[in-house]
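Shown next, in structure tokens, is the structure this report addresses.
Letters A, B, ... mirror the listed sequences (proteins, then strands); counts begin at 1.
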There are 2 protein chains.
Amino acid sequence: MTSSRATLIQVAERAGVSLASTSRALHGSGASEAMVERVRAAAAELGYSPDVTGRSLRLRKTFQIAFAVADIGNPVYVEMMTAIHEVLAPHGYRVVVMTTGDTPASTTELVRSLGSGFVDGMVLSPLRTDDGLVRAIKQAPVPVVVIGRSLGDQGIDSVSTDSAGGIGQAVRHLLETGRRRIGFLNGPPDTTPGEARRRGFDAAASDPGFAAERVEVALAEDFTVAAGVAAAHRLLAGAPDGGARLDAVVAANDLLAIGAIRAARELGLSVPEDVAVTGMDDTELGRVFQPSLTSVSLGSDERGHAAARIMLRLVDGDAGEPQTTSVGPRLVVRESTVPRPARASAPGEGVR
Amino acid sequence: MTSSRATLIQVAERAGVSLASTSRALHGSGASEAMVERVRAAAAELGYSPDVTGRSLRLRKTFQIAFAVADIGNPVYVEMMTAIHEVLAPHGYRVVVMTTGDTPASTTELVRSLGSGFVDGMVLSPLRTDDGLVRAIKQAPVPVVVIGRSLGDQGIDSVSTDSAGGIGQAVRHLLETGRRRIGFLNGPPDTTPGEARRRGFDAAASDPGFAAERVEVALAEDFTVAAGVAAAHRLLAGAPDGGARLDAVVAANDLLAIGAIRAARELGLSVPEDVAVTGMDDTELGRVFQPSLTSVSLGSDERGHAAARIMLRLVDGDAGEPQTTSVGPRLVVRESTVPRPARASAPGEGVR
DNA sequence: TTGAAAGCGCTAACAG
DNA sequence: CTGTTAGCGCTTTCAA
């Protein structure tokens, strides 16, 4: 850590030309071959690197995009962040990570803070949304792309997925593989994902073809393994009326599903023989788990990519109508629902 | 997304006072009660929020810290990032995530780019280090704190851990629990972690008390589950000379350890009965895995916290001698090495 | 093609 | 306590 850095003025002096010419020679157009040569040399001698702060002030552009979620440690968000970074970095944009807090109010405050101009845009995946937040997003001084609920009809660019439909896929898969007593293990239903999963399960259960004999619901306190273990214990401990035990659990995400498998084991039940378990998000954790987890992929990385691409379009001034992109859910069948993998198992299959 | 934002000048005009007074009333000291009142009102009416770009240029301070690693999706780095964010955010610093690439050259380039002044400092965990990188760090125009190798003797602030000693703890644990034929499953040995692990294993194997009858080493192509499965297959497939099979595997990280457990299962071996497996990093993945993974915690979050605290000290101008903080490794015994957990098992025990 | 100069929004030294 | 003014480093008109 040493010395203060050379400025453009110093490069100009060194090259014996004007400030404007120096700037042009370095970035802009309209400089002679000789000028470029001369300035480049001077810049190199001084180890000049342009100051982004001055540039930002002048250009009114930071080349930074914020990624804001409630929990930056959640594997799903990590995957999104990685995808967003992958898309933005080659375009010269930096990614700033931020946390929304878990209330709509704190998220709204974060969106309002965009007024300070520290980023050119924000990719936001709010855990909970309300009118105030929607309003703040629409009034934000920089583009905001929402990952989660489809807000296209509100005039907000968003990337959504049909997690409700995904729950339906899981339920149908369980019915098709002969399960009839199904437990639904959801997280907090007042969150965007919790609400969507609940809706999905209700829809599946209302379907004319829904052949289950028994249905139970348990709510975990949050979307974690520990909360899943606790709630799944209640689900699997046995029917209060002495009826037959559940033979399947549909979990609202992979972490809850892992919790359910642990709870099953603690109760002496084997997975998938006694009870089948499905997760959602198709995380690495689920892929490498034993038994590997049947899970509904919601394309976290695709959603991240999509959001980042929309953002690039927006910060490049290409306004257009707010658009909603959708990524379809996709069931990936693994060992937690069927004794043998659907496909022939090669060593390390399904593992990356 | 609307309109351009109000500036300090506009607030000043609205309040009918000077620019300087407005600035002072809002942040600085030395403004009368009445002035503060008046300016605040004007600011509120205009929905003014200060522009950080102008502020940064003037103050020569961005209130941003970079966190740079090779793979921002790696759970260990995610944990560090979360910890860093936790410490920095309350102090008003934003976290910018960056990737180093996996060569010393690309990392050096990244460190050099700090000359552009987009952050006030960088927390860096390089996968590979060379002299050029060390030099670049020392010459960086902003503070750099390195997580990984201890670089204190080089005059670089760093947070290290004794992963070599951690490998020793794992080896001793295996010997103490009766294992005698030990395989060492390492990742690429030309990386900082790979090198340290190798050193640790060599040291443990050279110890006078090292009671193993047989030792094998396998190198995975990288620190992933898939690479671990492949390399562990070689390790466990059986001794070329027809000798007894290994009864323990010391893996260089949790992902490789999970790979080893999968490979064991694919070969019809049970863990921990036939073969015990230890990991390193004590990740969530290992904690929830079945069997839960005995692992050496390297305190990723503590290291992140420590690095962030050092960084805060540095950006607050408190120079002082470069310091090396160290976080001790800590073996956490779970099911992958002993049939029963070390402690009585409560429901969901070891899961968070 | 080149140079002079303005100004992005802000803070702080200085004078009153 | 308040106002005037300079200037952080840069890009971009506008004239020459």
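For Asp131(A), the salt bridge (Lys or Arg N to Asp or Glu O under 4.0 Å) criterion is met by no residue, not counting sequence neighbours. Applying the salt bridge (Lys or Arg N to Asp or Glu O under 4.0 Å) rule to Glu302(B) yields no partners; only residues at least two apart in sequence or on another chain are considered. For the salt bridge (Lys or Arg N to Asp or Glu O under 4.0 Å) test, residues two or more places apart in sequence or in another chain that qualify with Arg128(A) are Asp190(A).
Evaluation of the side-chain hydrogen bond (donor to acceptor under 3.5 Å, both in side chains) test over residues 80-89 of chain A, restricted to residues two or more places apart or in two chains, returns Glu86(A)-His305(A). Residue pairs meeting the salt bridge (Lys or Arg N to Asp or Glu O under 4.0 Å) criterion with at least one partner in residues 28-51 of chain B, sequence neighbours excluded, are Arg60(A)-Asp51(B), Arg5(B)-Asp51(B), Arg14(B)-Glu45(B). The stretch residues 94-120 of chain A participates, sequence neighbours left out, in these salt bridge (Lys or Arg N to Asp or Glu O under 4.0 Å) pairs: Lys61(A)-Asp120(A).
Under a 3.5 Å cut-off, the side chain of Ser21(B) and the backbone N or O of Val17(B) do not form any donor-acceptor pair.
Rounded to whole angstrom, the span from the CD atom of Glu13(B) across to the P atom of dT2(D) amounts to 19 Å. For the pair Glu33(B) CD and dC1(D) P, the computed distance is 11 Å after rounding to whole Å. Whole-Å rounding puts the Phe118(B) CZ to dG9(D) C1' distance at 17 Å. For Gln10(A) and dC8(D), the CD to P distance is 10 Å, given to the nearest whole Å.
Axis angle between the ends of the helix from dT1(C)-dA16(D) to dG16(C)-dC1(D), five pairs each and rounded to 10 degrees, works out to 40°.
Where Ala34(B) and Arg60(B) meet DNA chain D, the nucleotide closest to each residue was compared, and Ala34(B) sits on the side nearer the 5' end. For Thr22(A) and Leu57(B), each mapped to the nucleotide of DNA chain C holding its nearest heavy atom, the one lying further toward the 5' end belongs to Thr22(A).
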Residues 69-76 of chain A side chain polar contacts: donor-acceptor under 3.5 Å, at least two apart:
residue, atom, partner, partner atom, Å
Asp71(A), OD1, Gly73(A), N, 2.9
Asn74(A), OD1, Val76(A), N, 2.8

**Asked** What string of B, S and - do you get for nucleotides 10-16 of chain C 5' to 3' if you count protein non-hydrogen atoms under 4.0 Å?
**Response** BBBB---
